[in-house]
Amino acid sequence: MASGTSGGGRTASHGEPRTEYSGAIYGALLAASVVAGAGAVGPFPRATLVVLLLVTGIVFWAAHVYARLAGERVHAQRWTWDEIWVTARREWPMVQAAFPPAIAVLISPLLGLGLPGTAWFALGVALAEQVAWATVAAVQAGASRRQVMVSGLVNLVFGLIIVVAKTAIHR
């Protein structure tokens, strides 16, 4: 998923290609939010949630591509197709992060889950994915064990805030 390099991005210290995990982390948090929000409005068809996850991921991906391009543009300079392609590729893990929760929704009937159980299962998958990508990103960045733990815990807290919000809305 987030294993591609960031389109020519280089680390400050070594000049080696850097790997972008921010899109995967953000995409997993976004997917968790979509699942929590959809589950909060009541029963929903599984296919609707799958489509909502994927469409939301694509729309946010396109918005991030545009924002990154606009933010990096020099005044009155046109974007090249290469810049657009590289940026789109760099941000693609945001869309890919929607796939594990969507797959969880699709396989939930095989696990005997009803619609509420499906929502919780997909939310758990999204949160696990978010914590995993944050941890991998910290390890790949050469963080100390403590920094890796903090990165994972911070992302767990973000996810738990979504869980608490989902639970509060259902009351």
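Keep in mind that the numbers below use all heavy atoms, side chains included, and drop hydrogens, waters and symmetry copies.
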Query raised in the report: Can you name the ring pair (Phe, Tyr, Trp, His ring centres under 6.0 Å) partners of F121, sequence neighbours left out?
Result: none
Query raised in the report: Got a donor-acceptor contact below 3.5 angstrom from the Q140 side chain to the A137 backbone?
Result: no
Query raised in the report: Where do A97 and E129 come nearest, in terms of heavy atoms and distance?
Result: O-OE1, 2.9 Å
Query - Residues in ring pair (Phe, Tyr, Trp, His ring centres under 6.0 Å) contact with W79, at least two apart in sequence or another chain - result: Y66
Report task. Mind checking side-chain contact (heavy atoms from CB on, under 4.5 Å) for L123 and listing every partner two or more places apart, or none if nothing turns up? Result -> A32, V35, W120, L127, I162, V163, K166
Report task. Using the side-chain hydrogen bond (donor to acceptor under 3.5 Å, both in side chains) rule, collect all pairs that involve residues 27-36, keeping only residues at least two apart or in two chains. Result -> none
Report task. Indicate the atoms forming the closest heavy-atom contact of R89 with P93, along with that distance. Result -> O-CD, 3.8 Å
Report task. Find out if a path of hydrophobic residues (ILVMFWY) with successive side-chain heavy-atom gaps under 4.5 Å connects V59 to V34. Result -> no
Query - Approximate separation, where rounding is to 0.5 Å, of Q96 CD and F99 CZ - result: 7.5 Å
Query - Stepwise side-chain contact (heavy atoms from CB on, under 4.5 Å) check, T80 with I84 - result: CA-CA 6 Å; T80 66; I84 294 168; over 6 Å; no
Query raised in the report: What is the distance from atom CG of L156 to atom CD of Q130, rounded to the nearest 0.5 Å?
Result: 8.5 Å
Query raised in the report: Cluster question for you: counting only ILVMFWY and a side-chain heavy-atom cut-off of under 4.5 Å, with indirect links fine, are V157 and V164 together?
Result: no
Query raised in the report: When Ile, Leu, Val, Met, Phe, Trp and Tyr are grouped by side-chain heavy atoms lying under 4.5 Å apart, directly or through other members, which residues fall in the same group as M149?
Result: none
Query - Apart from V139 itself, residues in the same hydrophobic cluster as defined by side-chain heavy atoms under 4.5 Å - result: V148
Query raised in the report: When rounded to the nearest 0.5 angstrom, what distance separates CH2 in W61 from CD in E91?
Result: 9.5 Å
Query - Set of residues satisfying side-chain contact (heavy atoms from CB on, under 4.5 Å) with respect to A134, sequence neighbours excluded - result: I25, S151, N155
Report summary line: salt bridge (Lys or Arg N to Asp or Glu O under 4.0 Å) pairs touching residues 105-125, sequence neighbours excluded, are none
**Report entry** Connected via hydrophobic side-chain network under 4.5 Å: V136 and V131
**Finding:** no
Please tabulate, for side-chain N and O atoms in residues 46-58, each donor-acceptor pair with protein atoms closer than 3.5 Å (sequence neighbours left out).
residue, atom, partner, partner atom, Å
R46, NE, S108, OG, 2.9
R46, NE, T118, OG1, 3.3
R46, NH2, L113, O, 2.6
R46, NH2, T118, OG1, 3.1
T56, OG1, L52, O, 2.7

Query raised in the report: What about I103 and V125, same hydrophobic cluster or not, with Ile/Leu/Val/Met/Phe/Trp/Tyr joined at side-chain heavy-atom distances under 4.5 Å?
Result: yes
Report task. Quick one: pull up CG in L29 and CE in M94 and give me the separation to the nearest 0.5 Å. Result -> 10.5 Å
